[in-house]
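Below is one structure, written out as structure tokens, with a few remarks after it.
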Amino acid sequence: MLQVIIVVLVAANLGAGGMGEVALPALAHGYFGAGAGGYGALLAAYGGGALLGTLAAGQARRARRPAVMASVGFLVEAACLALVPYLGGTIPAAAALLAFGALNGFGTIIVITAFQRWAPAAVLGKLMAVLLLAAIGVFPVSVFVAGLLVDQFGPAPFFPLAGALLAVAITVSLSQRSWRDFGSSAVNARPDEGSRCMPLLRRRGSWPRRARAVSAAVGYLDRRE
């Protein structure tokens with residue numbers, strides 16, 4: 001399950017970093033001729049959409065299969081991203097980015113919430129660190145590759161390329177039963193068991209002992225499975 005999430009994060013952020021930092025400003029200044037004001041409007045649309053999606057996810061009822069629901073949103077998000085340069089101007093492109101940001105914010109909150117319910121409490125911090133490394137670590141690679149591609153082919157082709165990369169990653173993840181079942185009630189039974197190991201961690205004072213306690217907690221969960 002962790003491997004599937006990491007693959008999705010890497011694929012999504014390989015496109016997202018270069019899109020926001022390289023392709024989008026080049027699109028606004030050159031392709032649309034909208035200048036700094038147009039670029040600001042596109043960024044504002046994306047940020048506003050992300051805020052709305054995050055708020056909507058916080059108010060949404062818990063889905064039976066949250067990973068599937070988030071995946072559907074991510075696939076629509078990929079289509080919105082691919083269409084941004086081909087909608088005819090700044091205003092329709094801003095509308096596509098608004099939808100892109102809303103779906104991204106909504107899906108991200110749904111998946112991260114399901115992940116935190118799924119992960120054993122004893123190792124939750126370490127697992128979240130792995131996810132953040134996968135998401136942020138590819139940012140410089142994304143920006144570098146986007147710079148090369150935009151310089152050679154212009155900004156427009158980068159958007160469908162980034163959208164296709166995200167769509168392929170989501171489609172492959174949906175082929176895995178572990179991803180389709182991720183976040184369901186059967187999977188979410190693990191955190192309660194993991195939380196029983198926390199008193200063991202609190203009783204350990206030194207770091208070597210605490211590391212052994214974490215290993216014991218993970219072994220306990222494996223035996224329970």
Side-chain angles (χ1 to χ4, degrees), residues 3-54 70-108 111 130-176 179:
Q3 292 173 348
V4 173
I5 296 178
I6 289 175
V7 168
V8 171
L9 278 174
V10 169
N13 286 278
L14 272 176
M19 184 276 292
E21 299 298 325
V22 179
L24 192 62
L27 186 77
H29 286 278
Y31 204 74
F32 289 159
Y39 176 51
L42 294 174
L43 284 181
Y46 170 69
L51 177 61
L52 292 176
T54 301
S71 295
V72 172
F74 288 145
L75 289 174
V76 179
E77 168 192 335
C80 293
L81 178 61
L83 291 174
V84 166
Y86 308 108
L87 295 176
T90 304
I91 293 177
L97 285 172
L98 179 71
F100 170 81
L103 292 166
N104 183 268
F106 182 85
T108 299
V111 171
V130 171
L131 294 192
L132 289 175
L133 178 62
I136 300 173
V138 299
F139 178 82
V141 178
S142 174
V143 173
F144 176 74
V145 172
L148 295 178
L149 293 177
V150 170
D151 183 59
Q152 288 291 105
F153 306 106
F158 187 82
F159 289 85
L161 179 63
L165 187 63
L166 174 60
V168 168
I170 294 298
T171 302
V172 171
S173 68
L174 285 172
S175 69
Q176 305 296 313
W179 174 256

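Position 1 is the first residue of the sequence, and the numbers go up from there. All values reported here derive from a predicted model rather than from experimental measurement.
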message: Among residues at least two apart in sequence or on other chains, which ones pass side chain to side chain contact (heavy atoms under 4.5 Å, CB included) with Ala167?
response: Leu75, Ala78

query: What is the distance from atom CE of Met19 to atom CG of Leu27, rounded to the nearest 0.5 Å?
result: 10.5 Å

message: Before you tell me yes or no, could you show the steps for Val172 and Val7 under side-chain contact (heavy atoms from CB on, under 4.5 Å), namely the whole-Å CA-CA distance, both residues' side-chain angles and the distance that decides it to 0.1 Å?
response: CA-CA 10 Å; Val172 171; Val7 168; over 6 Å; no

Could you pull out all donor-acceptor pairs under 3.5 Å where a side-chain atom in residues 85-105 meets a protein atom, sequence neighbours excluded?
| from | atom 1 | to | atom 2 | distance (Å) |
| --- | --- | --- | --- | --- |
| Tyr86 | OH | Ala156 | O | 3.4 |
| Asn104 | ND2 | Glu77 | OE2 | 3.1 |

message: To check you understand the geometry: which heavy-atom pair defines the closest contact between Phe74 and Ile170, and what is its length?
response: CD1-CD1, 3.7 Å

message: The criterion is side chain to side chain contact (heavy atoms under 4.5 Å, CB included); which residues satisfy it with Val130, sequence neighbours excluded?
response: Ile6

Pairs under 3.5 angstrom only: tabulate donor-acceptor contacts from the side chains of residues 133-145 to other protein residues two or more places apart or in another chain.
| from | atom 1 | to | atom 2 | distance (Å) |
| --- | --- | --- | --- | --- |
| Ser142 | OG | Leu14 | O | 2.4 |
| Ser142 | OG | Gly18 | N | 2.6 |

- request: Using a 4.5 Å cut-off on heavy atoms from C-beta on, say whether the side chain of Trp179 contacts that of Val111.
  value: yes

query: Quick one: side chain to side chain contact (heavy atoms under 4.5 Å, CB included) partners of Ala169, sequence neighbours excluded?
result: Ala11

task: Could you pull out all residues at least two apart from Ala12 that satisfy side chain to side chain contact (heavy atoms under 4.5 Å, CB included)?
output: Leu166

- line: Ala23 and Pro155 have their tightest heavy-atom pair at O-CB, 3.5 Å

message: If you compare all heavy atoms of Val8 against all heavy atoms of Ser173, which two are closest, and at what distance to 0.1 Å?
response: CG2-CB, 3.9 Å

Run the side-chain donor-acceptor check on residues 30-52: report pairs under 3.5 Å with partners two or more places apart or on a different chain.
| from | atom 1 | to | atom 2 | distance (Å) |
| --- | --- | --- | --- | --- |
| Tyr39 | OH | Gly20 | O | 3.4 |

Test side-chain contact (heavy atoms from CB on, under 4.5 Å) applied to Val22 and Val150, Leu149, Leu148, the passing residue: Val150

